[in-house]
Visitor: 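Could you have a look at this structure, given as C-alpha cells, before my questions?
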Amino acid sequence: MKKESVDFLVVGGGIAGYQAVLSLLPHGSVLLVSRGPLSSGSSYYAQGGLALPWGFGAEDCERHVQDTLRAGAGLCDEASVRILVGDGEKVWKGLLSIDVPFDQAPDGSFLTTREAAHSVPRIVHAGGDRTGFLILSALARKVSESSSFRFLSNYQICRIRKNRQGMVTGAIFLGETGHDLLEISAGATILSTGGGSSLFLRSTNPRLQRGDGVAVAARAGCEIERMAYYQFHPTVLDIPGQAPFLLTEAMRGEGARVINGQGRRFLFDYHPDGELAPRDVVSRALWLESKKHPEEGIFLSLTHFPKDRVAQRFPQVYRHCLELGLDLQTTPAPIRPAAHFQMGGIRTDMNGRTTLPGLFAIGEVASTRVHGANRLASNSLLEALVMGSRIVDAIDGGRRSSEEDHGESDESDQVFLPSVDIEEGWTRLRQILWDSAGIVRTLPLVKKGLLEICAMIDSGRPAPIEGARFALGNGLLVAKLILEDIQTAPVAGANYVVDEMPGLT
Ligand SMILES: Cc1cc2nc3c(=O)[nH]c(=O)nc-3n(C[C@H](O)[C@H](O)[C@H](O)COP(=O)(O)OP(=O)(O)OC[C@H]3O[C@@H](n4cnc5c(N)ncnc54)[C@H](O)[C@@H]3O)c2cc1C
C-alpha cells in the first residue's frame, strides 16, 4: 500500500471542501482527495444561488432565521441556525475577496432573488443560474495559488484510519483500478463528500453522490443521525428517456406557475402560498395530484414571462431544455419531483466536530441540524461555506499531531462485501428507496424495503476490498440507515409517513 502524510486531509472537492482548504492553508499543508473533478459533486450544478441575510442588519438576520425555522418543519436547532445566518456576512465578504462574479445591476448593486419559503428576496446568484460552478471555480483557483495545497483525483475513500486510542489519524483510499490502496495519515481528517440523493431512483444529484461519507463514518463508529430527512425537489424535468434535470426554484420565486394538465394552478388547494410554499409541501402536492390524475401530467410554465426573459435570467437551464427540444419561453415543461438533498448525516457541532476525535464533517454529508426536516432553498451553499470556514477553529493544532507517531490499528484488510450482482443490486436499491423512502411513506412499505435491503447485505461475505462491490456495500448500508431511521422516528412534516395510502401497499 502506498503511504503519504499531510497536516490536513480534506476528502471531497465541492464548495464545502474547497472552502475548508482555503481556511486551513495558513495553518499547514492540505491534501484534497476527491473521487472526481469539480463536476463530480453537487456544488458544480447549484443554480438558484446563495441565501444570505441580505442587508446584514439585525432584522435581516432575524427574518432569515425565522424563514429557516419555518421551512424546517419545526426540527431545526435554533442556536445552530443563528450561527449559520450570523456568519453570512463574513462568507459573503470572503467570496467578494476572491472575485466570485455575482450578478449585478447596471448601477453596480448586487441582484437578489426570492425562492420559495423566503419572505424577502435575499438570494445572490452568479452567471444567472451558474452560481455553484462560479463559486467553486473561484475557490479552486484561489487555493491552487498556494504551494501548501495538493489535489488528488480519482480516489474514493474506503476506510477511516484510527490509532489504538480511537483517534482518527487519516484515511485509506481506493484508486481508479478499484484495487490499489493509498493510506494517508493526517493531523485532522475532514469529510466533505456531499449527500446521497443518487441512491434514489429519481435524483437531481450527480450519479455518484451516493452517501459514501456516511457509510465510511458509520463503519468507523461515528454517530449518524436524521437519515430519514431527505428533501425532494418538486420541479425536476420529466422527459422520458432523459436524466432528471433541475428547474431551479428561483423560477417559481420570479413568477413561474405550476399547472396541471388542464392548465389550472392547483397548488393553492394545498397551501395558501401556492408556488411559494416550502419545498416539501409542493413536492407532496405534486405527488398527491399525480395520484389523482395520473394521465394528465404536471407542468412548470414560464410562458407568461416577458420575451427573452427566461433565456437571459436562466441561460443554462434554458439552453439545456432547448437541446431537448423544449423551448421554455413558449412551452410548459413536464415536471416530477426527485430526491435532492440530504438533511441528516454525520452528526457534528457547528465547528464540524464529529463524535470521533480527529474526524470532522462539513457540507451536505454532515448533520448540523440547521435544516431541520426540510431545507430552506439556497441555504445549503451557505452552510457549505460557513462550515468550511468554521472548521478552522476546531482543528487548531492539527499540524502538530500529524507529526506525531500515531501507530496503526490492527484492522483487517478484508471487508464485508455484498455478493449480489452489482448492476441488479443498484437497480433494486434505488427502486426500493424510491418506493419506500420517497415523498410519501407508509410503514408497511418501509418495513418491506428494509427487509429486502437487509437480505442483500446479509448475502455478503468478507473479501479483499474491490471498488465496485465496495461502493454497492456503502449504498446498501446508507439505505438501511435511512429506512431504519424512518421506522424508528416517523415524523410528520417533511418526512411524510402515513398509515396507509390507497394504491400504496
Ligand atoms: C442540481 C442542483 C442544484 C442545486 N442548487 C442549489 C442552489 O441553488 N443553492 C443551494 O444552496 N444549494 C443548491 N443545491 C445543493 C448544493 O449544491 C449542495 O448541497 C452543496 O453544493 C453540497 O456541497 P458539498 O461540498 O457538501 O458536496 P458536493 O458539492 O456534492 O461535493 C462532494 C465531493 O465529494 C466527492 N466524493 C463523493 N464521494 C466520494 C468518495 N467516496 N471518496 C472521495 N470523494 C468523494 C465528490 O467527488 C465531490 O468532489 C443544488 C444541488 C443540485 C444537485
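Atoms within each ligand, like the ligands themselves, are counted from 1 in listed order. The residues of the chain are indexed from 1 along the displayed sequence. The figures that follow rest on heavy atoms only: side chains count, while hydrogens, waters and symmetry mates do not.
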Visitor: For ligand 1, which part of S192 has a heavy atom less than 4.0 Å away: the side chain, the backbone, both, or neither?
Guide: backbone

Visitor: Among protein heavy atoms, which lies nearest atom 23 (O) of ligand 1, and at what distance?
Guide: S43 OG, 3.1 Å

Visitor: Does R210 count as lying over the ring of W426, i.e. NZ or CZ under 6.0 Å from the six-ring centre, within 45 degrees of the axis?
Guide: yes

Visitor: Answer yes or no: are there more than 12 heavy-atom neighbours, outside R63 itself, under 6.0 Å from its atom CZ?
Guide: no

Visitor: Using a plain distance cutoff, I'd like to know if V33 has any nitrogen or oxygen under 3.5 Å from a nitrogen or oxygen of ligand 1.
Guide: no

Visitor: Would you confirm whether R469, through its side chain, and L417, through its main-chain N or O, come within 3.5 Å as a donor-acceptor pair?
Guide: no

Visitor: Any nitrogen or oxygen of Q156, side chain or backbone, less than 3.5 Å from one on ligand 1?
Guide: no

Visitor: Geometry only, no angles: is G13 polar-contacting ligand 1 at N/O separations under 3.5 Å?
Guide: yes

Visitor: Considering only heavy atoms, which of A471, G49, A361 lies nearest to atom 9 (N) of ligand 1?
Guide: G49

Visitor: Within 45 degrees of the ring normal and closer than 6.0 Å to the centroid, is that where the cationic atom of R309 sits relative to F305?
Guide: no

Visitor: For H340, state whether at least one heavy atom is located under 4.0 Å from any atom of ligand 1.
Guide: yes

Visitor: With distance as the sole test, does D103 use its side chain to make a donor-acceptor pair with the main-chain N or O of G127 at under 3.5 Å?
Guide: yes

Visitor: With no hydrogens and no angle check, just 3.5 Å: does a side-chain donor-acceptor pair link S389 and Q19?
Guide: yes

Visitor: Taking distance alone, with no angle check, do G41 and ligand 1 share an N/O pair under 3.5 Å?
Guide: no

Visitor: Could you point out which residue of L286, V282, I335 forms a side chain to side chain contact (heavy atoms under 4.5 Å, CB included) with T235?
Guide: I335

Visitor: Work out whether the distance between some heavy atom of Y155 and some atom of ligand 1 is less than 4.0 Å.
Guide: yes

Visitor: Indicate, as side chain, backbone, both or neither, the part of Q47 found under 4.0 angstrom from ligand 1 when only non-hydrogen atoms are considered.
Guide: backbone

Visitor: Taking atom 5 (N) of ligand 1 as the point of reference, which of A46, S198, A250 owns the nearest heavy atom?
Guide: A46

Visitor: Can T131 be said to touch ligand 1, with heavy atoms closer than 4.0 Å?
Guide: no

Visitor: Please report whether ligand 1 has a polar contact with A384, defined as an N or O pair separated by less than 3.5 Å (distance criterion only).
Guide: no

Visitor: If you measure every N/O of I157 against every N/O of ligand 1, is any gap under 3.5 Å?
Guide: yes

Visitor: With respect to S380, determine whether any N or O atom, backbone or side chain, lies less than 3.5 Å from an N or O atom of ligand 1.
Guide: yes

Visitor: Return a yes/no value for Y44: is any of its N or O atoms, backbone included, closer than 3.5 angstrom to an N or O of ligand 1?
Guide: no

Visitor: Indicate yes or no for a side-chain donor-acceptor contact from D60 to the backbone of P53 under 3.5 Å, with no hydrogens or angles considered.
Guide: no

Visitor: Do T354 side-chain atoms and L359 backbone N/O form a donor-acceptor pair below 3.5 Å?
Guide: yes

Visitor: Check for me whether T204 has a heavy atom closer than 4.0 Å to any atom of ligand 1.
Guide: yes

Visitor: Donor-acceptor pair, distance only, cut-off 3.5 Å: does the side chain of S146 make one with the backbone of V143?
Guide: no

Visitor: Examine Y45 against ligand 1 and note whether any of their N/O atoms are separated by less than 3.5 Å.
Guide: no

Visitor: Taking non-hydrogen atoms only, is D212 closer than 4.0 angstrom to ligand 1 via side chain, backbone, both or neither?
Guide: side chain

Visitor: G195 versus ligand 1: do any nitrogen or oxygen atoms come within less than 3.5 Å of each other?
Guide: no

Visitor: Show which atoms of ligand 1 fall inside a sub-4.0 Å distance from at least one heavy-atom site of G36.
Guide: 47 (O)

Visitor: Please give me the minimum heavy-atom distance between A16 and I362, naming the atom from each residue.
Guide: O-CD1, 3.4 Å

Visitor: Please identify which atoms of ligand 1 are closer than 4.0 Å to at least one heavy atom of R35.
Guide: 39 (C), 41 (N), 43 (C), 44 (N), 45 (C), 47 (O)

Visitor: Using a 4.0 Å cut-off to any heavy atom of F341, which atoms of ligand 1 qualify?
Guide: 19 (O)

Visitor: Checking D349 side chain against N351 main chain: does a donor-acceptor pair fall under 3.5 Å?
Guide: yes

Visitor: Can E223 and R347 be counted as an ion pair, charged N to O under 4.0 angstrom?
Guide: yes

